[in-house]
Amino acid sequence: MSAAQVHAAAIVHPGAQLGPGVSIGAYSIIGEHVTLGEGTWIGPHVVVEGHTRLGRNNRVYQFASIGAPPQDKKYAGEPTVVEIGDGNTIREGVTINRGTAEDTGATRVGDDNWLMGSVHIAHDCRVGNNIIMANYTGLAGHVQIGDWAILGGATLVHQFVNIGAHSFTSMGTYLAQDLPPYVMAAGNMAKPFGINSEGLRRRGFAPEAIAYIKQAYRTLYRSGLGLEEAKRQLQALAASSAEVGLLLEFLERSKRGFIR
């Protein structure tokens with residue numbers, strides 16, 4: 001692959017590490033401690049600063065800001081980081097802030113995510129793989145998102161909330177508590193509205209697996225059982241379904257409680 005191509009109007013610190021085939025557009029600024037992996041494309045008017053690493057074949061569009069200091073009054077300039085994997089699309093105006101010393105010191109985004117315009121990922125978030133975040137979605141600090149989740153436009157997520165794999169939120173959803181795997185949510189405050197059946201089918205889940213997930217959802221949300229009794233019934237289902245086991249594990253780990 002060819003050497004990096006840097007527009008004459010871009011500002012790239014000599015200490016930045018640019019992989020083969022990197023392209024940097026006009027008026028973009030790349031800081032001293034930035035690493036850009038092979039084939040990554042940085043459009044015009046992008047700022048990448050701090051101790052920030054992007055992997056291979058990412059596409060970052062104009063006016064995105066990656067690696068800026070966290071919006072946290074306790075931050076005192078510690079050398080915290082942003083780590084971004086491979087194959088992500090980061091659209092116009094996205095902001096991804098570095099981590100804080102109060103947590104692990106890292107904000108992490110995985111692979112093959114699609115971050116639409118004006119998405120905000122705050123300090124210390126953990127974003128998995130194959131996630132879609134629609135326009136104006138905002139994550140407060142310390143949020144974790146499992147693989148294949150889809151967050152509708154203007155979804156707002158409170159700090160320390162966990163969002164399970166294969167879940168789905170509607171436009172304008174506010175999550176103040178955890179969203180279990182596979183569950184669809186909408187509203188302010190968020191309420192559950194069934195499971196993400198269509199998404200699961202598209203991803204190749206077997207009909208039997210989806211049936212077990214539906215049964216688990218009914219047990220948790222529609223049976224009228226108390227939480228501990230519902231968990232006992234989920235334990236029985238988990239003996240036959242790895243998917244229900246994942247759901248149960250998520251519930252057991254929840255610290256903020258989950259949407260009801």
Side-chain angles (χ1 to χ4, degrees), residues 33-35 46-55 58 60-61 64-76 78-169 173-181 185 190 250 253-259:
H33 304 292
V34 171
T35 298
V46 173
V47 177
V48 187
E49 59 182 298
H51 291 77
T52 296
R53 178 190 178 278
L54 280 75
N58 294 287
V60 184
Y61 286 75
S65 171
I66 302 175
Q71 298 176 76
D72 186 327
K73 289 184 176 181
K74 299 184 296 299
Y75 181 70
E78 298 90 348
T80 53
V81 304
V82 172
E83 297 176 349
I84 297 174
D86 303 332
N88 296 285
T89 297
I90 301 173
R91 293 301 303 255
E92 298 83 353
V94 169
T95 54
I96 304 174
N97 294 163
R98 70 184 78 148
T100 68
E102 300 293 318
D103 201 316
T104 63
T107 301
R108 293 189 173 95
V109 177
D111 302 331
D112 300 311
N113 297 293
W114 185 266
L115 309 180
M116 297 187 192
S118 300
V119 162
H120 175 63
I121 298 177
H123 59 86
D124 304 296
C125 287
R126 311 285 187 273
V127 176
N129 306 312
N130 298 290
I131 291 161
I132 297 173
M133 298 171 62
N135 302 66
Y136 302 105
T137 290
L139 309 183
H142 314 279
V143 169
Q144 298 187 36
I145 307 181
D147 297 348
W148 297 101
I150 298 176
L151 304 186
T155 292
L156 300 178
V157 186
H158 194 280
Q159 62 184 355
F160 294 103
V161 162
N162 289 348
I163 297 173
H166 303 282
S167 58
F168 181 98
T169 68
T173 299
Y174 171 52
L175 284 170
Q177 292 182 296
D178 295 348
L179 175 60
F250 181 94
R253 292 198 317 266
S254 177
K255 296 180 179 179
R256 291 191 60 83
F258 58 94
I259 65 167

Engineer: For Asn130 and Asp147, what are the C-alpha separation, side-chain angles and deciding distance, and is it a side-chain hydrogen bond (donor to acceptor under 3.5 Å, both in side chains)?
Structural biologist: CA-CA 6 Å; Asn130 298 290; Asp147 297 348; 5.9 Å; no
Engineer: Could you tell me whether the side chain of Leu139 reaches within less than 4.5 Å of the side chain of Leu151, counting heavy atoms only?
Structural biologist: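 Yes. Closest side-chain heavy atoms under 4.5 Å.
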Engineer: Check whether any side-chain heavy atom of Val47 lies under 4.5 Å from a side-chain heavy atom of Ile66, and answer yes or no.
Structural biologist: no
Engineer: Using the side-chain hydrogen bond (donor to acceptor under 3.5 Å, both in side chains) definition, which of the options Thr169, Thr173, Thr137, Asn135 pairs with Thr155?
Structural biologist: Thr169
Engineer: Write down the atom of Glu49, the atom of Thr52, and the distance for their closest heavy-atom approach.
Structural biologist: O-OG1, 2.6 Å
Engineer: Apply side chain to side chain contact (heavy atoms under 4.5 Å, CB included) to residues Asp124 and Thr80 and explain how you reach the verdict.
Structural biologist: CA-CA 9 Å; Asp124 304 296; Thr80 53; over 6 Å; no
Engineer: Honestly, is Arg256 close enough over Phe160, meaning NZ or CZ under 6.0 Å from the six-membered ring centre and within 45° of the axis?
Structural biologist: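 Geometry flag: not set, cation outside 6.0 Å or 45°.
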Engineer: Take Leu54 and Thr35, measure what side chain to side chain contact (heavy atoms under 4.5 Å, CB included) needs, and give me the verdict at the end.
Structural biologist: CA-CA 6 Å; Leu54 280 75; Thr35 298; over 6 Å; no
Engineer: To the nearest 0.5 Å, tell me how far Trp114 CH2 sits from Ile131 CD1.
Structural biologist: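 Here the rounded value is 15.0 Å.
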Engineer: Any idea which heavy atoms bring Val119 and Ala134 closest together, and the distance?
Structural biologist: CG2-O, 3.5 Å
Engineer: Are the side chain of Glu78 and the backbone of Ala76 linked by a donor-acceptor contact shorter than 3.5 Å?
Structural biologist: yes
Engineer: Output, in order, the C-alpha distance, side-chain angles, deciding distance and verdict of side chain to side chain contact (heavy atoms under 4.5 Å, CB included) for Tyr61 and Glu92.
Structural biologist: CA-CA 5 Å; Tyr61 286 75; Glu92 298 83 353; 4.0 Å; yes
Engineer: Going by heavy atoms in the side chains, are Met116 and Val94 under 4.5 Å from each other?
Structural biologist: no
Engineer: More than 12 foreign heavy atoms under 6.0 Å from OH of Tyr136: is that the case here?
Structural biologist: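 No - once you tally the heavy atoms of other residues, nucleotides and ligands closer than 6.0 Å, there are 12 at most.
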Engineer: Under 4.0 Å between a Lys/Arg side-chain N and an Asp/Glu carboxylate O for Arg53 and Glu83?
Structural biologist: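 No salt bridge links Arg53 with Glu83.
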Engineer: Whether the side chain of Asn58 engages the backbone of Gly85 through a donor-acceptor N/O pair (distance < 3.5 Å, no angle test) should be reported.
Structural biologist: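 A pair under 3.5 Å: yes.
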Engineer: Rounded to the nearest 0.5 Å, what's the gap from NE2 on His142 to CG on Asp103? Could you check?
Structural biologist: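 Going from NE2 on His142 over to CG on Asp103, the span is 5.5 Å.
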Engineer: Specify the closest pair of heavy atoms between Ser254 and Asp178, including all atoms of both residues, with the distance to one decimal.
Structural biologist: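 The pair with the smallest heavy-atom distance is OG-OD2, 2.7 Å.
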Engineer: Between Arg98 and Asp72, does at least one N-O distance fall below 4.0 Å, as a salt bridge requires?
Structural biologist: no
Engineer: Measure the CZ-CD distance between Arg126 and Gln144 for me, rounded to the nearest 0.5 Å.
Structural biologist: 6.5 Å
Engineer: Could you tell me whether the side chain of Thr107 and the main chain of Asn97 form a donor-acceptor pair under 3.5 Å?
Structural biologist: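 Pair found, side chain donor or acceptor close to backbone of Asn97.
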Engineer: Measuring from atom CZ of Arg91 to atom OG of Ser118, what distance do you get when rounded to the nearest 0.5 angstrom?
Structural biologist: 11.0 Å
Engineer: Determine the minimum heavy-atom distance between Phe250 and Leu179, stating which atoms define it.
Structural biologist: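 Looking at all heavy atoms of both residues, the closest pair is CZ-O, 3.3 Å.
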Engineer: Would you please test Val109 and Asn88 for side chain to side chain contact (heavy atoms under 4.5 Å, CB included) and show each step?
Structural biologist: CA-CA 9 Å; Val109 177; Asn88 296 285; 4.1 Å; yes
Engineer: If you take all heavy atoms of Pro70 and Gly99, which pair is closest and at what distance?
Structural biologist: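 Taking every non-hydrogen atom into account, CG-O, 3.8 Å.
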Engineer: With side chains defined as the heavy atoms from C-beta onward, is the minimum distance between Glu102 and Lys74 less than 4.5 Å?
Structural biologist: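 Yes, their side chains come closer than 4.5 Å.
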Engineer: Atom NE2 in His158, atom CG in Leu175: separation rounded to 0.5 Å?
Structural biologist: 11.0 Å
Engineer: Distance from Ile96 atom CD1 to Leu115 atom CG, nearest 0.5 Å?
Structural biologist: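 If I round to the nearest 0.5 Å, the distance is 5.5 Å.
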Engineer: List the atom of Val81, the atom of Pro79, and the distance in Å for their closest heavy-atom pair.
Structural biologist: CG1-O, 4.0 Å
Engineer: Answer whether the closest heavy-atom distance between the side chains of His166 and Ile150 falls below 4.5 Å.
Structural biologist: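 No - every pair of side-chain heavy atoms lies 4.5 Å or more apart.
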